[in-house]
2 protein chains.
Amino acid sequence: MTQSTAPAHEASQEALPRQHRHYSIGELARMFEVTPRTIRFYEQEGLLAPRREGQKRIYREKDRVRLKLTLRGKRLGFSLAEIREVVMMYDAMPDGNARQLWRLLEILADKRANLERQLEDIRLMRMELDDVDHRAREVLRGLGHEA
Amino acid sequence: MTQSTAPAHEASQEALPRQHRHYSIGELARMFEVTPRTIRFYEQEGLLAPRREGQKRIYREKDRVRLKLTLRGKRLGFSLAEIREVVMMYDAMPDGNARQLWRLLEILADKRANLERQLEDIRLMRMELDDVDHRAREVLRGLGHEA
DNA sequence: GACGAGGTTTACGTTAACGTAAAGTGCTTG
DNA sequence: CAAGCACTTTACGTTAACGTAAACCTCGTC
């Protein structure tokens, strides 16, 4: 997250209906601007579970969404373990027992608290960036008069 | 997690004068709930530059603020290198040449863009958490009827 | 003067999240 | 059929951000 050129965010083109239904690893990788290695790694970490057609991995819509959520979580500073925690429990929900569901609610509340704190952090950090920006511009004005 | 007891109403005026003026590494560590090792590491990475009194490190108000900003940056997912980039240029500002100042403005814009994206990410993630929460509660209600 | 509570340096260990070969499989295309 | 993709597995390498351990000062105090 270091590059200053950040126009290409998520998937670029989206005119076509999602009828495609399945993607290759390379397609997904290009879509989200990650390497295939990353996608395989996420699978190994239990975040994705694509079908196989022979050797090849076949990703369906669900996998694409998961990957999207995973990357979003990462941008927010969550670890893969944390993300998996939510994702897996979400999957186990339908037949989940009460204890697990309560545990899930607990985790969700935790994540939400995290987000709220981040909102405040962003607010503060914004103010500080604005401040530095201001000072820098003033110094620049000063330099303009000299030279 | 990171917070102790939330101060109900932090008096706008300086309740306690910051006359303390300087802190030991242990004090700072307890204040921010990090280990001394972390603080030394940040120094080694060029984020802090405490005075020395003999061997001992002496931290002043400025250092405390820097540490606070650093930790905030970390919570937002910035790397120490990124944080240092801003912090150091901020320090070099007064006598900075124009090119460096422009570079600083560039970096600031970059960070701000980052924050904006995070805001959006938070918004989306919140919605998804809410959704999962909803479903989980419904399943729980269902379980209540059985058993 | 032994001791414990703080501090110090040096240095190796650890974890997460991938990167980077190396070597093989399967298709299709000139 | 050779060449070129796109994909596969296996496995070692790398970076960031510390943790952890050892061995050493330097107080105040019991």
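In what follows, chains are A, B, ... by sequence order, proteins preceding strands, each numbered from 1. Quick caveat: nothing in here was measured; it's all calculated off a predicted structure.
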Return a table of donor-acceptor pairs under 3.5 angstrom between the side chains of residues 46-55 of chain B and protein atoms on other chains or two or more places apart.
from     : atom 1 : to       : atom 2 : distance (Å)
Arg52(B) : NH1    : Gln55(B) : O      : 2.8

- Task: Using a cut-off of strictly less than 4.0 Å, decide whether Ser24(B) has a side-chain nitrogen or oxygen near OP1 or OP2 of dG6(C).
- Result: no

- Hydrophobic cluster (4.5 angstrom, side-chain heavy atoms) - remaining members for Ile58(A): none

- Message: Would you say Tyr59(A) and Glu27(A) are linked by a side-chain donor-acceptor pair, where the criterion is simply a distance under 3.5 Å?
- Response: no

- Message: Walk along nucleotides 23-29 of chain D from 5' to 3' and tag each nucleotide B, S or - by protein heavy-atom contact under 4.0 Å, base first, then sugar-phosphate.
- Response: -------

- Whole angstrom value for the distance that separates P of dC5(D) from CD of Glu27(A): 18 Å

- Query: If you fit an axis to the five pairs at each end of the helix from dG1(C)-dC30(D) to dG30(C)-dC1(D), how big is the angle between those two axes, to 10 degrees?
  - Reply: 20°

- Item | Co-members of the apolar cluster containing Met127(A) [side chain, <4.5 Å] | none

- Task: Among residues two or more places apart or on two chains, list those pairs meeting side-chain hydrogen bond (donor to acceptor under 3.5 Å, both in side chains) that have a residue in residues 120-129 of chain A.
- Result: Glu120(A)-Arg123(A), Asp121(A)-Arg75(B), Arg126(A)-Glu116(B), Glu128(A)-Arg72(B)

- Task: Calculate the interatomic distance between Tyr23(A) atom OH and dC7(D) atom P; express it in whole Å.
- Result: 15 Å

Distances under 3.5 Å between nitrogen or oxygen atoms of protein and nucleotides 16-20 of chain D:
from    : atom 1 : to       : atom 2 : distance (Å)
dA17(D) : OP1    : Leu80(B) : N      : 3.0
dC18(D) : OP2    : Tyr42(B) : OH     : 2.5
dC18(D) : OP2    : Lys74(B) : NZ     : 3.1
dG19(D) : OP2    : Thr35(B) : OG1    : 2.7
dG19(D) : OP2    : Thr38(B) : OG1    : 3.3
dG19(D) : N7     : Arg37(B) : NE     : 3.1
dG19(D) : O6     : Arg37(B) : NH2    : 2.9
dT20(D) : O4     : Arg37(B) : NE     : 3.4

- side chain to side chain donor-acceptor pair (under 3.5 Å) against Arg84(B), all qualifying residues, sequence neighbours excluded: none

- Could you list the residues that satisfy side-chain contact (heavy atoms from CB on, under 4.5 Å) with Thr38(B), not counting sequence neighbours? Val34(B), Thr35(B), Tyr42(B)

- Item | Shortest non-hydrogen contact from Lys111(A) toward Leu129(B) | CB-CD1, 3.8 Å

- Only counting residues at least two apart or in another chain, list the ones meeting side-chain contact (heavy atoms from CB on, under 4.5 Å) with Asp131(B). Arg135(B)

- Message: Going by the rule side-chain contact (heavy atoms from CB on, under 4.5 Å), which residues pair with Ala98(B) if we only count those two or more places apart in sequence or in a different chain?
- Response: Leu140(A), Leu143(A), Trp102(B)

- Only counting residues at least two apart or in another chain, list the ones meeting side-chain contact (heavy atoms from CB on, under 4.5 Å) with Asp95(A). none

- Message: Please confirm whether the shortest side-chain N or O distance from Arg57(A) to OP1 or OP2 of dC7(D) is below 4.0 Å.
- Response: no

- Message: Any side-chain N or O of Arg52(A) below 4.0 angstrom from OP1/OP2 of dT9(D)?
- Response: yes

